[in-house]
Amino acid sequence: MIIRPNQHWFLRLFDWHGSVLSKITFRLFLNILMSIVAIIIYQWYEQLGIHLTIAPFSLLGIAIAIFLGFRNSASYSRFVEARMLWGTLLIAERTLLRQLKNLLPEDKKNHEEIAKYLIAFSWSLKHQLRNTDPTADLYRILPREAFSEIIASPMPTNRVLLLLGDEIGKLRLAGKLSDVTYKMLDNKLDELAHVLGGCERIANTPVPFAYTLILQRTVYLFCSLLPFALVSDLHYMTPFVSVFISYTFLSWDSLAEELEDPFGTSANDLPLNAICNTIERNLMEMNNQKPLPALLKPDRYFNLI
Amino acid sequence: MIIRPNQHWFLRLFDWHGSVLSKITFRLFLNILMSIVAIIIYQWYEQLGIHLTIAPFSLLGIAIAIFLGFRNSASYSRFVEARMLWGTLLIAERTLLRQLKNLLPEDKKNHEEIAKYLIAFSWSLKHQLRNTDPTADLYRILPREAFSEIIASPMPTNRVLLLLGDEIGKLRLAGKLSDVTYKMLDNKLDELAHVLGGCERIANTPVPFAYTLILQRTVYLFCSLLPFALVSDLHYMTPFVSVFISYTFLSWDSLAEELEDPFGTSANDLPLNAICNTIERNLMEMNNQKPLPALLKPDRYFNLI
Amino acid sequence: MIIRPNQHWFLRLFDWHGSVLSKITFRLFLNILMSIVAIIIYQWYEQLGIHLTIAPFSLLGIAIAIFLGFRNSASYSRFVEARMLWGTLLIAERTLLRQLKNLLPEDKKNHEEIAKYLIAFSWSLKHQLRNTDPTADLYRILPREAFSEIIASPMPTNRVLLLLGDEIGKLRLAGKLSDVTYKMLDNKLDELAHVLGGCERIANTPVPFAYTLILQRTVYLFCSLLPFALVSDLHYMTPFVSVFISYTFLSWDSLAEELEDPFGTSANDLPLNAICNTIERNLMEMNNQKPLPALLKPDRYFNLI
Amino acid sequence: MIIRPNQHWFLRLFDWHGSVLSKITFRLFLNILMSIVAIIIYQWYEQLGIHLTIAPFSLLGIAIAIFLGFRNSASYSRFVEARMLWGTLLIAERTLLRQLKNLLPEDKKNHEEIAKYLIAFSWSLKHQLRNTDPTADLYRILPREAFSEIIASPMPTNRVLLLLGDEIGKLRLAGKLSDVTYKMLDNKLDELAHVLGGCERIANTPVPFAYTLILQRTVYLFCSLLPFALVSDLHYMTPFVSVFISYTFLSWDSLAEELEDPFGTSANDLPLNAICNTIERNLMEMNNQKPLPALLKPDRYFNLI
Amino acid sequence: MIIRPNQHWFLRLFDWHGSVLSKITFRLFLNILMSIVAIIIYQWYEQLGIHLTIAPFSLLGIAIAIFLGFRNSASYSRFVEARMLWGTLLIAERTLLRQLKNLLPEDKKNHEEIAKYLIAFSWSLKHQLRNTDPTADLYRILPREAFSEIIASPMPTNRVLLLLGDEIGKLRLAGKLSDVTYKMLDNKLDELAHVLGGCERIANTPVPFAYTLILQRTVYLFCSLLPFALVSDLHYMTPFVSVFISYTFLSWDSLAEELEDPFGTSANDLPLNAICNTIERNLMEMNNQKPLPALLKPDRYFNLI
């Protein structure tokens, strides 16, 4: 996730790290090559009475643009949903802690105990979605016994939730919470379960693979043939116009693929580390714990992981 | 559902099993044939003073592309909704089991009993949606008595839910659950009922048949006439451009039809077997039951059923 | 609602009952007539130095296609919402009966009594939406006294709900239901009220009439003028291309109008009879009542009303 | 809101009151004038070596059509949301009254008292949204004391809700409602508060003004220049084609603006009077009060206010 | 947020402050310059056998328009969601106060105390979203002790919610609220927490930066090259048509960027000051406090901040 400070619109045009430009350079280079080939062989195939005109490519290009619009909507709505789930995570955890503090204002030990599980839940989910090892983070946050049980489980994030529920269940069995107030807190656990399940769904079920495949095939073939259709009108201008049109189509296709999995670590993905850091800071601040962990800052390319 | 490992973009272009290519091969072959016919008879119908130009086909092609975009949105949103329902199924079943364990931490026998019904519910729903026989799976999972009652019913999945509700109702009648905590568990049964009803709705009510019909007619006719419109400009290039444009339109139409019923077993459908397997593994793990059933893996074409 | 068995794609192209073809035949015939007129007067108006070219019609046709896409989205989302409401009806009624059976497993008489009201509610709603007489169905299902009160009311479906609520309220007053368990059942009545109100809203508030009007005017005028724009390029081919383009536009416009009111009985409307039949079968099966009413089957045109 | 009886498609084309035609007549007339100017000066500016061609206008027209599609979606979704809010109003008020009758079947006086507040709420909301004086309607419906307090408040609709809440609160304080059953009724008041707040939001926050402005500028300028681009091809046909294209664009722009504020009294706005009338009839019928107020009928242009 | 009184459509066309015109003036001026350059060098590059035609620019322009439509949808839906969140804020705060007054009609001191926290919450959220200093507003509204604690916190808005929850929790501990009625009020705090989290999400997570970048690059380059493509057809008309097309594309791009962050203070952003003022007036009016703060009015450019 790139968060630019206010940048002049003119400077932006030459930004390298922000867009998907680095990914499609090779294909744009191929396109220039094709344009040069087209200029060279133009006179030769003209003699055969064959020529590609731009009219069928106009039709095809607009059709592909419509499909790219659809594909980008599908990918972007996955990105938005993923961001909403992580937003709900922050909201539900803050609310659960607030409710506990409002219901049992004196049990400060319980506040900190529950906060630990909540913080562990978000870090564990991050590691699960990015296929990284949660051991270090969980060890840092959790009590020893819970840590051992969780790290031994094949589904650690779900196990954090189970143990957190046990902690709250104990408060009910100890008579500190009535059934009604217990239900209030359990509702928040239910929201956490929805966040977990929702993120798993997005991570495990991509947009149907055929969409990716059909679009990439048509976009690549379209860009490769385009110089041959442009050359009879544009001559030496062919490479410039061809690479411009190709950039538009290739970058939209490439961005759609990048946004499809919003849990990665590339420039346009969600900054899960920063969100986990925000959650940890928020919950500790609510418990007046000090010092808060430092706020994560974007790197020198304005990128936040 | 095809889940590709990271594949180089160039190799992808020649992927056969991933896209709908196998379904439309015959129609693309027909299109090439039409192109050859167009090249042959071109000189003859030119003499009659008749010629098809590309301009009306441009207009028509763009209009069809817009309608294909609409049709794909409709089909894709059915696919997404179906996936969400199965996601909710996993979430609701995990949550119900967690709540039961948090509320009655000592009743291990009940945990396993309820888990059986939950697992049976998901397998039964899968068989109902795919019109396959649930007997073997239900026999494997359920206690004998419940199995007999469920298999005798004309609506077995709904009957699983009814019996599951009875089991939880007995806990209330036995005084283990208060009305308030009983209501918490019943809310999850309500979510399962929504999943069941939602899946039945998607399976029984296709996109209005006229959309399919109108689009297929216009797409097929458009592709068949296209070579005759292209031939005067493109001569010997006609088959290549024509089959390329046809591939774009036919594959989008074909994919929309495939996604319309997301519960099938073709390459772009939902992997219901894998989801049921995940649910079974999750619930058993929560109960610390061992060994877990093996994780379902994609076949050699990366296809997960 | 047409539910085709698997039909070969080639046979489908000649399907008459499935699409809106029967409705627009006359307008397509008019279009052919216009094309012939265009061919005949072509030479005459060419001499006046006037000719219609296809360029402005391309622009107009694409603009109209975009608006048709919007119009179809609006109509289709009404269709989808209507189907969802009827899906919710089935889910809510099954759930209410399940809850009653789980809460009061012994009161079999009450189960059947409540089921009657639920079944009556769905049939009554169907008759209200289609402006047909509910007397026969309500007489068949309901107890005499309730029947008389309901049939005398100007809002019979809402009255069914009121009486159903009274029945459940009596269980509370009789001490069989606590306030908490009563609230569970009342939530389901609330869902039924939302279904009733939602269906009334869709039935009473069409898409703003101006959308229909503006689109039909532009589509009809566009199709009528099209032959005159095509004739200079296509000569004797004009009728074929013109009727093909007109079919695309007219059928989309016609289908949008048909889907706008999804409660009718035409080929692309919702099969309310079949859904009511499904509800009745489901609820009776849950009560182990026999014999179940026969399953409604599609007619010989695969149409389900 | 215009609700046409079934009208023959041919007659519809000449309907004057249904569409926005009356609003754009002047601008269409201007367009014809421009076309005539274009025909007259055509020969003169041709000599200067300058001519406008249709190609750039095709590009621009399609771009504008895409933006008009976006703008109409935005306006229409406001219309749909407004209608849904009023639908929820009817549903929530019917449900609240049903719950009260089911919970306290004997307190007929309370039923009628609460129904008065509910009816007053809907009329008061209507007057607030249309900036009309609610005094007469509130005086007709409410008890004297409540009337005085409400009419004195600067936010009368919100005050109706507050007093209604007080009435229901008194039933709790009097021991007729437990906390649980009180909460059921309060949930419905919450829904009414959402309807009030949602309608205020739609009424106070238009679509960002720049959308309206940019589109109107481009649409008007486009329609004004169009004749000059068409004239070289179409000569004497220019006014006909130009006014046809302009009608399509101007009417869509005009309708989008009309739907943006769905609470007005023009032909395509919501019939708030009729909905309030329906609510009043429904609630009185549930209480068996007679005679019901007469059903509001559309005027002779089929318009329902 | 600009709220125009009814303005004649003709006058609107010359409105300067409403649209994004002030922001893109410089780029439009550049475009005119490019057009003049194109006219001057036209004869020279014609001799080289190179010319840009409008056909590839048509294709590109339509593709860009489709992407601009997508980009505007994404930005506008952020604007709509932000407005909905602030609408929910008003609704939830009014409802919470109404519930408190209905439940404890005599505790007028508590009503005013709670209202203070609610008003402070909305002002604090506004300052957080606009990065302004909340001290003055919070000092004006809150009791001293709460003020000190809140202003000392790094997350003041969240701290307001925590203290508000404590106040309501005290009512429960004092026996004035049962667990059930306490839960009603806590639900509203939960809604406030969702508003807070939702606004933070919108403010912190822009639309992926690559969308902005790709579109701006293609739009700017498209507009810069356009004069060279138009000049061969339009000669001296080039600047007029080129600047018109550029205005359409640049203003849509610029507006999308402006709406992306709806919490700013530019002409098309949300009037957060006015909404906070409305909330304060509403809550005080419900408590019959006088005098109400003055209603915020738009400035002389009809702008409401």
Side-chain angles (χ1 to χ4, degrees), chain D residues 27 48-53 55-60 62-64 66-67 69-70 73-74 77 153-155 158-159 161-162 165-166 168-170 172-173 178-180 182-183 186 189-190 193-194 196-198 200-201 204-214 216-218 220-222 225, chain E residues 1-4 9 12-13 15 18-20 54-55 57-58 61-62 64-66 68-69 72-73 76 79 83-84 87-88 90-91 94-95 98-99 101-103 105 178 180-181 183-184 230 233-237 241 244-245 247-249 251-252 255 258-259 267-268 270 281-282 285-286 292:
Chain D
R27 283 165 253 181
L48 293 174
I50 311 163
H51 59 286
L52 287 175
T53 55
F57 283 81
S58 260
L59 156 61
L60 193 57
I62 294 171
I64 291 175
I66 290 169
F67 300 156
F70 166 77
S73 291
S77 72
S153 160
M155 292 100 171
N158 192 36
R159 182 61 65 156
L161 201 59
L162 188 60
D166 274 340
I168 295 176
K170 279 180 204 156
R172 187 185 74 98
L173 293 172
S178 71
D179 282 359
V180 171
Y182 171 74
K183 187 160 171 277
D186 187 80
L189 297 190
D190 194 11
H194 270 90
L196 171 59
E200 286 174 344
R201 172 172 48 76
N204 294 336
T205 310
V207 171
F209 185 60
Y211 278 121
T212 310
L213 205 57
I214 295 171
Q216 287 196 343
R217 272 179 190 155
T218 45
Y220 291 178
L221 196 53
F222 174 78
L225 293 180
Chain E
M1 171 66 55
I2 289 187
I3 294 171
R4 281 279 178 289
W9 62 266
R12 257 193 205 168
L13 301 183
D15 195 305
S19 80
V20 294
I54 199 160
F57 283 81
S58 261
I62 294 172
I64 291 175
I66 291 169
L68 272 174
N72 271 278
S73 292
Y76 179 61
F79 175 87
R83 183 60 188 88
M84 287 216 166
T88 304
L90 169 62
I91 296 167
R94 283 201 301 216
T95 298
R98 179 187 59 69
Q99 288 173 329
K101 288 174 74 89
N102 294 164
L103 285 168
S178 71
V180 170
T181 51
K183 186 159 170 279
M184 285 170 58
L230 295 175
D233 274 12
L234 306 184
H235 286 267
Y236 303 122
M237 297 300 280
V241 174
F244 179 23
I245 296 180
Y247 171 70
T248 310
F249 281 83
S251 59
W252 273 80
L255 183 52
E258 191 169 318
L259 288 185
N268 293 293
L270 287 174
R281 282 171 50 86
N282 265 270
E285 198 274 340
M286 287 174 74
L292 299 184

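Protein chains get the first letters and strands the later ones, always in sequence-line order, with residue 1 at the start of each. Hydrogens, waters and symmetry mates are skipped; everything else that's a heavy atom, side chains included, is used.
For the salt bridge (charged side-chain N to carboxylate O under 4.0 Å, His left out) test, no residue two or more places apart in sequence or in another chain qualifies with Arg281(E). Take Ser77(D) and apply the side chain to side chain contact (heavy atoms under 4.5 Å, CB included) test, not counting sequence neighbours, and it matches no residue.
Contact check for Pro208(D) versus Tyr76(E): side-chain heavy atoms found under the 4.5 Å cut-off. A heavy-atom distance below 4.5 Å is found between the side chains of Leu173(D) and Pro105(E). Considering only heavy atoms from C-beta on, Asn102(E) stays 4.5 Å or farther from Ile168(D) through its side chain. Using a 4.5 Å heavy-atom threshold, the side chains of Leu103(E) and Arg172(D) count as touching.
Of all heavy-atom pairs spanning Ala193(D) and Thr95(E), the tightest one is CB-OG1, 3.4 Å. Counting all heavy atoms, side chain and backbone alike, Pro154(D) lies closest to Leu292(E) at CG-CD1, 4.2 Å.
In this structure, CD in Gln99(E) is found 6.0 Å from CG in Asp190(D), a value given to the nearest 0.5 Å. Taken from NE2 in His194(D) to OG1 in Thr88(E), the straight-line distance is 5.5 Å, to the nearest 0.5 Å. One finds the CZ atom of Phe57(D) at 12.5 Å from the OG atom of Ser58(E) (value rounded to the nearest 0.5 Å). The structure places CG of Leu59(D) at 6.5 Å from CD1 of Ile54(E), a figure rounded to the nearest 0.5 Å. With rounding to the nearest 0.5 angstrom, the OG1 atom of Thr248(E) is 9.0 Å from the CD1 atom of Ile214(D). Rounded to the nearest 0.5 Å, atoms NZ (Lys183(D)) and OG1 (Thr181(E)) are 10.5 Å apart.
A salt bridge does not link Glu200(D) to Arg83(E): none of the charged nitrogens lies less than 4.0 Å from a carboxylate oxygen. A salt bridge is defined here as a Lys NZ or Arg NE, NH1 or NH2 lying under 4.0 Å from an Asp or Glu carboxylate O, and Asp186(D) with Arg98(E) meets this definition.
Checking side-chain atoms of Arg159(D) against main-chain N and O of Glu285(E) turns up a donor-acceptor pair under 3.5 Å.
Most heavy-atom pairs under 4.5 Å with chain D, from the set Arg94(E), Met286(E), Glu258(E): that is Arg94(E). The residue among Gly197(D), Gly198(D), Gly169(D) with the most heavy atom pairs within less than 4.5 Å of chain E is Gly197(D). In terms of heavy-atom pairs under 4.5 Å with chain D, the best-connected choice from Leu68(E), Leu230(E), Ile64(E), Leu259(E) is Leu259(E). For the set Ala55(E), Ser73(E), Gly69(E), the count of heavy-atom pairs under 4.5 angstrom toward chain D peaks at Ser73(E).
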- [ ] Kindly determine whether Phe244(E) and Thr218(D) satisfy side-chain contact (heavy atoms from CB on, under 4.5 Å), including the steps that lead there.
- [x] CA-CA 8 Å; Phe244(E) 179 23; Thr218(D) 45; 3.9 Å; yes

- [ ] Would you sort out whether Tyr211(D) and Asn72(E) count as a side-chain hydrogen bond (donor to acceptor under 3.5 Å, both in side chains), showing the intermediate values?
- [x] CA-CA 10 Å; Tyr211(D) 278 121; Asn72(E) 271 278; 2.7 Å; yes

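Between Phe70(D) and Trp252(E), the angle of the ring planes goes over 60°, which puts this pair in the perpendicular group of the 30/60° scheme.
Contact annotation for Ile66(D): only side-chain heavy atoms (C-beta onward) come within less than 4.5 Å of a heavy atom of chain E. Within the 4.5 angstrom heavy-atom criterion, only side-chain atoms of Phe249(E), from C-beta onward, approach chain D. Looking at Asp179(D), the atoms closer than 4.5 Å to chain E (heavy atoms on both sides) sit in the backbone and in the side chain alike. For Ile62(E), the parts lying near chain D are the backbone and the side chain together; criterion is any non-hydrogen pair under 4.5 Å. Residue Leu255(E) touches chain D through its side chain alone, counting heavy-atom pairs closer than 4.5 Å. Contacts of Val241(E) with chain D are made by side-chain atoms alone, with heavy-atom separations under 4.5 Å and no backbone atom involved.
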